[in-house]
Student: 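This is the structure, below, for whatever I ask next.
Just so it is clear, the values below take in all heavy atoms, side chains as well, and ignore hydrogens, waters and symmetry mates. Below, chains carry the letters A, B, ... as their sequence lines are ordered, and counting in each starts from 1.
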Amino acid sequence: MPIEFPTDAKAAFALQRKLAREVRLEACPSQVSLVAGCDAALSPDGREVLGVAVLLDYPGLHLLHLEVCRQPLTMPYVPGLLSFREGPAVLAALEALPQRPDLLLVDGAGIAHPRGLGIAAHLGVLLDLPAIGVAKSRLIGEELMPGPLRGDRAPLQHHGKTIGSILRTRDGVRPLYVSPGHRCTIAGAADWVLACGRGYRLPEPTRLADRLAAEHKRLLKEQGEAHSARQLL
DNA sequence: GCGACAG
DNA sequence: ATCTTGTCGC
C-alpha cells in the first residue's frame, strides 16, 4: 500500500511533520554526472496525474531518458499538500528511470513549505536523494526581490529564518523560489539551479520535464479524439 | 475573522 | 495546474 501518500488530510499533515524531521541539509554532491528532473500534468479527462521524470547528463544537460507514469487522481489541489496529489505518479516515474541520478530537481517547493516538506523534500527523503525544490511562485516566505541580473539572489525568509533563495535565472525575468529538498544546502541549491540553466528561466531538468509533460498530455488528447471519431463512424 | 496559498 | 489571442520587447 502507498503509505507514503495518505489521502486523508489529517494523516498527510502528520506524515509531513514526521518526514520533515528526516530532511538533511548537508553539503550538496560535488560529483554529479546524472541529473534528474520531474513534473506532473493532468490527463486530458482530468482524472489522472501524468508523472514525468527525465534523466540528463551533466554538465552536458542532454536528455538521456524519459519516463511517464499515470496514476489516478485522488486528491484535490490543496496548498501545502501538493505532494499527495502529484507525488504518487512522479515517484513512480522516478523509480522507473534506468539509473539513479546524483541530483534531483523538482518542480515545486523544498523545505520552503508550511511544515517543511514541500514535494521536493518529500521525494528527496523517500528516495534518499539530494533534491532541490524549484518553484515558479512563492508558497511561503517574504517577497524580497533580488537584483535584476541572472545569478542575483535574495534570501527567502520566513519567521526570521532563511529557508531558501529567490533566484534570478535570467536577466529581467521573474525569479524562481529555490529551496533545498534533501541532502543539499540553501546556497548549494541555488548554485546547482544556476549550473543546470541553459538560458531559460527554468533549469533544464524541470524545463524538459515540464515541456514533455505537456507534450505527452497533448498526445493523449489526440489519441482520445481519434478514438471518439472511430466510434462515430 | 481576514488574507495567502507550490501546481 | 488549466482556460486562451494577441502582443510588447530583445
Student: Does Arg100(A), at its CZ atom, have more than 12 non-hydrogen atoms belonging to other residues, nucleotides or ligands within less than 6.0 Å?
Tutor: yes

Student: Stems in DNA chain B: runs of 3 or more consecutive Watson-Crick or G-U pairs, distances under 3.5 Å?
Tutor: none

Student: Please name all residues satisfying side chain to side chain contact (heavy atoms under 4.5 Å, CB included) with Ala209(A), sequence neighbours left out, ordered by chain then number.
Tutor: Asp39(A), Val52(A), Val54(A)

Student: Could you tell me if the side chain of Cys28(A) sits less than 4.5 Å from the side chain of Pro130(A), heavy atoms only?
Tutor: no

Student: Do the non-hydrogen side-chain atoms of Cys38(A) and Val90(A) ever get within less than 4.5 Å of each other?
Tutor: yes

Student: For side chain to side chain donor-acceptor pair (under 3.5 Å), just list the numbers for Asp57(A) and Ser33(A), CA-CA rounded to whole Å, side-chain angles, deciding distance to a tenth of an Å, and then say yes or no.
Tutor: CA-CA 6 Å; Asp57(A) 62 340; Ser33(A) 58; over 6 Å; no

Student: In residues 59-77 of chain A, what donor-acceptor pairs under 3.5 Å come from side-chain atoms, sequence neighbours left out?
Tutor:
{"residue": "His65(A)", "atom": "NE2", "partner": "Glu67(A)", "partner atom": "OE1", "Å": "2.8"}
{"residue": "Arg70(A)", "atom": "NE", "partner": "Glu48(A)", "partner atom": "OE1", "Å": "3.1"}
{"residue": "Arg70(A)", "atom": "NH2", "partner": "Glu48(A)", "partner atom": "OE1", "Å": "2.7"}

Student: Salt-bridged, Asp107(A) to Arg207(A), with N to O below 4.0 Å?
Tutor: no

Student: Scan nucleotides 1-7 of chain B nucleotide by nucleotide, 5' to 3', and note B when protein non-hydrogen atoms come under 4.0 Å of the base, S if they reach only the sugar-phosphate, - if neither.
Tutor: ---SBBB

Student: Report yes or no: do Leu82(A) and Val23(A) belong to one cluster of Ile/Leu/Val/Met/Phe/Trp/Tyr joined by side chain heavy-atom distances under 4.5 Å?
Tutor: yes

Student: What stems, by residue range, does DNA chain C take part in, given at least 3 consecutive Watson-Crick or G-U pairs under 3.5 Å?
Tutor: none

Student: Assess, by modelled atom type and distance only, whether the side chains of Tyr58(A) and Glu204(A) contain a donor and an acceptor separated by less than 3.5 Å.
Tutor: no

Student: Expressed as a whole number of angstroms, how long is the span from Leu73(A):CG to dT2(C):C1'?
Tutor: 13 Å

Student: Atom pairs under 3.5 Å, N or O on each side, protein against nucleotides 6-10 of chain C: can you list them with distances?
Tutor:
none

Student: Using atom CZ of Arg218(A) as one end and atom C1' of dT4(C) as the other, report the distance to the nearest whole Å.
Tutor: 17 Å

Student: In this structure, how many angstroms lie between the P atom of dA1(C) and the CG atom of Leu212(A), rounded?
Tutor: 14 Å

Student: Any idea how Phe84(A) and Phe5(A) line up, ring-wise: parallel (<30°), tilted (30 to 60°), or perpendicular (>60°)?
Tutor: perpendicular

Student: Under a 4.5 Å side-chain heavy-atom rule over Ile, Leu, Val, Met, Phe, Trp and Tyr, are Leu42(A) and Leu220(A) clustered together?
Tutor: no

Student: Does Arg138(A) qualify as a cation-pi partner of Tyr177(A), given the criterion of NZ or CZ under 6.0 Å from the six-membered ring centre and within 45 degrees of its axis?
Tutor: no

Student: Report yes if the side chains of Leu56(A) and Pro205(A) come closer than 4.5 Å at any heavy-atom pair, otherwise no.
Tutor: yes

